[in-house]
Each structure stands twice: as C-alpha cells, then as structure tokens.
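Right, one structure below, let's go through it.
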Amino acid sequence: MISAKIHGVVLDPITNGFAVILKAEANNKWLPIFVGPFEAQAIALELEHTKPPRPLTHDLMRNILQTLNVTIVKINVVSLKEATFHATIFLQHNSNPVEIDARPSDAIALALRMNAPIFVEEEVLEKAGLDYQPQENEHSRNIKNLQIKLSQAIEREAFEEAAKIRDEIKTTLQQKPSEKQSQ
C-alpha cells in the first residue's frame, strides 16, 4: 500500500466527466479516478471547506459514524477490475475492526470528512497511475523571470531596457526548451 493525498477534482474536457486526482506520496504517480458529478461535488466542497446549509449524504454518513463512535482507520483503493476501481473502508467500532466494500469516490469523500488516511495498492498505481511531470521546467522559469523583469522595467519607465527584454522573451519563446538548455 502506498499513501496518497487528494490533489484535486478536475473536469475532463474530452468526456465532460469528473476525476479525483490522487497523488502517491512515495513516488511521482498520479491516479485519476473518474467519479460522478455528485461525488465530485461532495469531495470538492470538503476540499474547499465549504459547508452546505444541510448535511449532504457523506456528511450524514460521517454524523452517523461519529454518533455510533465508529472511526475510519483508513481507506484503500484496492483494485481495478474491468475499468472500475474498488475500495475498502476500514472501520473501528468498540475495538472491533470492520471492512466495508465501497466505491472509491464515496470512500474518499468519507475519508476527507473524518481525516482518515488514503492508500492505494501498488498494483493499481502500476496499472492506472500516470507519471507526474512538473509542468514548470527551466525554459518556462526563464520566460517567467523575463516577464517579471519586463514588468519591473516598464514600471520604472526604463523603456529601452523593456524593449530589449521583450525581444529576449520573443527569442526565448521561439526556441524549443531543449535548444535553450543545450546552449
């Protein structure tokens, strides 16, 4: 099992469906799990610390579990079968462990509400995980730094300097990142 954190909830522009993105803590893998719109909303609301005026389904489940002195020990995304993820919620009630089969979306929504850790089986990450590639590389950092310098030069009314920086940005944008790094 690999510990994971929720990176966010995103809308897939191709399918117009929602996905919860889990980020494995031990490696650079992201695991997108497609969820329904109601589950996406339940997860997003909790991530944003937004409380609805009345309890939603996962809030009700949390309230019931807390009232019965049941804790969620952890949730595990345990398998991927025929393009469907499966999860298990591990509960503790009066020193008795209980395992409940669940959809990952429901398990994640509950884990968020009860501050329970989330884990993913290594095999699931290998099958469905995506390698995490930071979007910002040296090329984009250089452009960003030049844009900051340009703004500062304009603010100081150093227009000749600003023109030189503008031209440098234009040249840098036309270069491929690998060309810039090899120079």
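Along the sequence shown, residues are numbered consecutively beginning with 1.
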So if you build clusters from Ile, Leu, Val, Met, Phe, Trp, Tyr with side-chain heavy-atom gaps below 4.5 Å, do Leu112 and Val70 land together? yes
Under 4.5 Å between any side-chain heavy atoms of Leu31 and Leu125, yes or no? yes
Do Ile6 and Val10 share a hydrophobic cluster (ILVMFWY, side-chain heavy atoms under 4.5 Å, transitive)? no
Hey, what do you get for CD1 (Ile2) to CG (Asn27), rounding to the nearest 0.5 Å? 5.0 Å
Interatomic spacing from CG in Asn63 to CG in Leu68 - rounded to 0.5 Å: 11.0 Å
Less than 4.5 Å apart, any side-chain heavy atom of Val124 and any of Val78? no
Here the pair of heavy atoms bringing Ala102 nearest to Ile89 is CB-CD1, 3.7 Å
The reported gap from CZ in Phe119 to CG in Leu22 (rounded to nearest 0.5 angstrom) is 12.5 Å
Could you walk me through whether Glu168 and Lys164 pass salt bridge (charged side-chain N to carboxylate O under 4.0 Å, His left out), step by step? CA-CA 6 Å; Glu168 189 177 351; Lys164 288 178 185 176; over 6 Å; no
Taking CD in Glu123 as the centre, count heavy atoms belonging to other residues, nucleotides or ligands within less than 6.0 Å. Is the count above 12? no
Identify whether Leu47 and Leu11 are in the same connected component of the hydrophobic contact network (ILVMFWY, side-chain heavy atoms under 4.5 Å). yes
Check the surroundings of atom CD in Glu122: do more than 12 heavy atoms from other residues, nucleotides or ligands lie under 6.0 Å from it? no
Lys23 atom NZ: more than 12 heavy-atom contacts under 6.0 Å: yes
Kindly say whether Pro32 contributes a backbone atom to a donor-acceptor pair with the side chain of His7 at under 3.5 angstrom? no
Start with the C-alpha distance between Lys51 and Glu46, add both sets of side-chain angles, then the distance that settles side chain to side chain contact (heavy atoms under 4.5 Å, CB included), and finish with yes or no. CA-CA 7 Å; Lys51 299 294 177 204; Glu46 194 64 24; 3.5 Å; yes
Please check if any side-chain donor atom of His58 sits under 3.5 Å from a side-chain acceptor atom of Asp106, or the reverse. yes
Could you state whether Phe34 and Leu130 fall into the same hydrophobic cluster, counting links through intermediate Ile, Leu, Val, Met, Phe, Trp or Tyr residues with side-chain heavy atoms under 4.5 angstrom apart? no
Which pair of non-hydrogen atoms, one from Ala87 and one from Asp101, has the smallest distance, and what is that distance? O-OD1, 3.3 Å
Minimum heavy-atom separation for Leu60 and Pro55, please, with both atom names. N-CB, 4.2 Å
Glu99: which residues meet the side-chain hydrogen bond (donor to acceptor under 3.5 Å, both in side chains) condition with it, sequence neighbours left out? none
Would Phe90 and Asn76 count as a side chain to side chain contact (heavy atoms under 4.5 Å, CB included) if you check the C-alpha gap in whole Å, the side-chain angles of each, and the deciding distance to 0.1 Å? CA-CA 8 Å; Phe90 292 83; Asn76 292 350; 3.1 Å; yes
Are Val9 and Ile21 close enough that some pair of their side-chain heavy atoms sits under 4.5 Å apart? no
To the nearest 0.5 Å, what is the distance between CD1 (Ile33) and CZ (Phe85)? 5.0 Å
Contact check, side chains of His86 and Glu121, non-hydrogen atoms, under 4.5 Å: no
Give me the atom names and distance for the closest heavy-atom approach of Ile118 to Ala111. CG1-CB, 4.0 Å
What is the minimum heavy-atom distance between Leu56 and Pro52, and which atoms define it? CG-CG, 3.8 Å
Min side-chain heavy-atom separation Asn96-Gln92 under 4.5 Å: no
To the nearest 0.5 angstrom, please state how far the CG atom of Leu91 sits from the OG1 atom of Thr88. 10.5 Å
What is the minimum heavy-atom distance between Leu65 and Met114, and which atoms define it? CD1-SD, 3.8 Å
Distance col, row Ser3:OG vs Lys74:NZ, nearest 0.5 angstrom, shows 10.5 Å
Cluster check Ile108, Met61: I/L/V/M/F/W/Y, side chain < 4.5 angstrom: yes
Basic-acidic side-chain contact under 4.0 Å: Lys149, Glu161: no
Hydrophobic cluster of Phe38, others only, ordered by chain and residue number, side-chain cut-off 4.5 Å: none
